[in-house]
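In what follows, a single structure is set out as structure tokens and then discussed.
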Amino acid sequence: MRSVVVLGGGIVGLTMARELRGRGVEVELLESRRIGTGATAASTGILTPPQHTRTPFYQLRTLAWHSWPQFADDLATETGIDVGYRRCGGIDIRERTMRNPQREVRKLRNSGGRVEVLTGAEIRQLLPQMVRTPEAGLRVEMEARIDPLATIEALRQSCLASGVRIREDLGPIRIEPQGAAGIHLAGRQDLQLEQPSEHRKVVLAAGWESATAALAVPPSPLPLEPVPGEAIALDIEAPPHLVHFNVDLSGFRDASGNRSIYSWIPAPDGSSWLGNSVASGHRNGVDRGDPRDAVEPTREGHQELVEVALSMFGPGVENRITDHRAGIRPKATRHGGPLLGMWPGRPQLWVATGHYRAGLLVGPATATMVVDSMIDGTEIPEEFCVPV
Ligand SMILES: Cc1cc2nc3c(=O)[nH]c(=O)nc-3n(C[C@H](O)[C@H](O)[C@H](O)COP(=O)(O)OP(=O)(O)OC[C@H]3O[C@@H](n4cnc5c(N)ncnc54)[C@H](O)[C@@H]3O)c2cc1C
């Protein structure tokens, strides 16, 4: 394999490009907007390991969890950028946990690391900024956070330094079928690709828009659902750990009517992030409209997150919001993890998308898995393959 075109400059496309270049392949990365304007830049940087390893997706998440420290070190060595990887641990004060902390301890036992039950007084001492008074909770050792924007910048610099050709602002690029098994790339302008098409493979890593980019290629469409999400930054001292909690907002429940889970996240600059709302178009009668609009922060998202912040930090918190981000998670709608591997019947076309809420955690590990398969023919678990 001499050359590859990667479509999409989020964490998945950038890690694919870096991995391919590291194995001696000529790589062009084509981005319809700017690098770091998709879901990756909107995300809040939580890395959570899985609680078991019974399915290929959980095995992949375990591998990803263990490979992140080395990945962060490598990026720092290559670019001098600290991507903010910190094994900060988490505090869980979700309702379910407070009702029966010991049951949650048993569930978490297999994920490794220390898990301890905290009393309400201990939690209030650790989190004096919080106005809530939980009765109990858990402290888990195995959680980490990164800085998504620093990660994107480090990946961009690493790619450029190794010779990846990055081109931005190209507008949406479409993949069209050519003959019985070939493909052709079409854009709003001549793409002027460096390598002739017969020597080239294409990796579709365009996040939630991967489905529309390959709409003309059977067996389209990819089973992918856009799930908008938003987060706010607060001028509130960072908690020592990630904090996970529920809020009973009657207008904001998930599709099954459950209370949404939110997280309070220590930001790299010592302040806080609060997220991550999960809207899938309609939620409990609240119409979030066309998911494309959710690339921009919405009024509804702001309202939801202000209510969440009020329940955590009390009155006046709305004046301490310093940033508001929105993005669209690519959720694979068939059972299993992300969509990875060769497009059925089109050996030139490969896919790496559908990472939903865990793209930061598993993006780098999936890049290694897909590149192994492209170069050595290593099999990708059936569960991740594009269904025929
Ligand atoms: C609010 C929020 C919080 C989140 N928090 C976390 C978290 O804490 N931890 C975690 O692991 N995950 C989190 N996620 C999920 C995570 O962000 C995603 O799983 C991950 O970023 C997906 O990466 P990606 O590269 O596939 O997509 P993206 O980052 O969206 O990148 C896709 C890129 O492709 C480009 N593109 C689109 N169409 C085309 C085309 N036709 N041709 C060329 N380029 C194209 C886009 O412009 C974009 O730059 C969060 C997501 C959101 C929205």
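Both counts, for ligands and for their atoms, begin at 1 and track the order of listing. Computed over heavy atoms, backbone and side chain alike; hydrogens, waters and symmetry mates excluded.
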Whether the [X] and [Y] side chains hold a donor-acceptor pair (N or O, under 3.5 Å, no angle test) is what I'd like checked.
X      : Y      : result
Glu143 : His241 : no
Asp92  : Thr97  : yes
Asn276 : Thr44  : yes

Numbering the atoms of ligand 1 from 1, which are under 4.0 Å from a heavy atom of [X]?
X      : result
Glu230 : 1 (C)
Leu361 : 11 (O)
Val12  : 23 (O), 24 (P), 25 (O), 26 (O)
Ala42  : 1 (C), 2 (C)
Leu30  : 43 (C), 44 (N)
Ile46  : 7 (C), 8 (O), 9 (N), 10 (C), 11 (O)
Ala213 : 41 (N)
Gly9   : 33 (C), 34 (O)

Q) Between Glu237 and Ser272, does a side chain to side chain donor-acceptor pair (under 3.5 Å) hold up when you go through it step by step? A) CA-CA 6 Å; Glu237 191 189 335; Ser272 303; over 6 Å; no
Salt bridge check: are [X] and [Y] linked by an N-O gap of less than 4.0 Å?
X      : Y      : answer
Glu104 : Arg96  : yes
Glu78  : Arg18  : yes
Glu135 : Arg99  : no
Asp169 : Arg34  : yes
Arg325 : Glu230 : no

Under-4.0 Å heavy-atom contact with ligand 1, by part of [X] that carries it:
X      : result
Leu360 : both
Tyr356 : backbone
Ser43  : both

(Q) Side chain or backbone, does Arg329 bring an N or O within less than 3.5 Å of an N or O on ligand 1? (A) no
Give me the nearest non-hydrogen protein atom to [atom] as residue plus atom name, then the distance to 0.1 Å.
atom                    : answer
atom 23 (O) of ligand 1 : Thr40 OG1, 3.4 Å
atom 10 (C) of ligand 1 : Arg357 O, 3.2 Å
atom 31 (O) of ligand 1 : Gly10 CA, 3.4 Å
atom 40 (C) of ligand 1 : Ile173 N, 3.7 Å

Q.
Looking at ligand 1, is there an atom of it that comes within less than 4.0 Å of some heavy atom belonging to Thr353?
A. no
(Q) With a 4.0 Å cut-off on heavy atoms, is Gly275 in contact with ligand 1? (A) no
Tell me which one of [options] gets a heavy atom nearest to [atom].
atom                    : options                       : answer
atom 5 (N) of ligand 1  : Thr44, Thr37, Leu7            : Thr44
atom 22 (C) of ligand 1 : Gly207, Ala231, Pro330, Ser32 : Pro330
atom 35 (C) of ligand 1 : Glu168, Glu209, Glu31, His355 : Glu31
atom 17 (O) of ligand 1 : Gly363, Ala39, Gly8, Gly38    : Ala39

Q: Start with the C-alpha distance between Asp74 and Gln70, add both sets of side-chain angles, then the distance that settles side chain to side chain donor-acceptor pair (under 3.5 Å), and finish with yes or no.
A: CA-CA 6 Å; Asp74 290 347; Gln70 185 63 52; 2.9 Å; yes
Q) Is the cationic atom of Arg87 (NZ for Lys, CZ for Arg) positioned less than 6.0 Å from the six-membered ring centroid of Tyr85 and within 45 degrees of its normal? A) no
Q) Around atom CD of Gln189, are there more than 12 heavy atoms of other residues, nucleotides or ligands at under 6.0 Å? A) yes
Q) Does the side-chain contact (heavy atoms from CB on, under 4.5 Å) test come out yes or no for Ile93 and Ile123, once each step is laid out? A) CA-CA 9 Å; Ile93 49 170; Ile123 293 169; 3.7 Å; yes
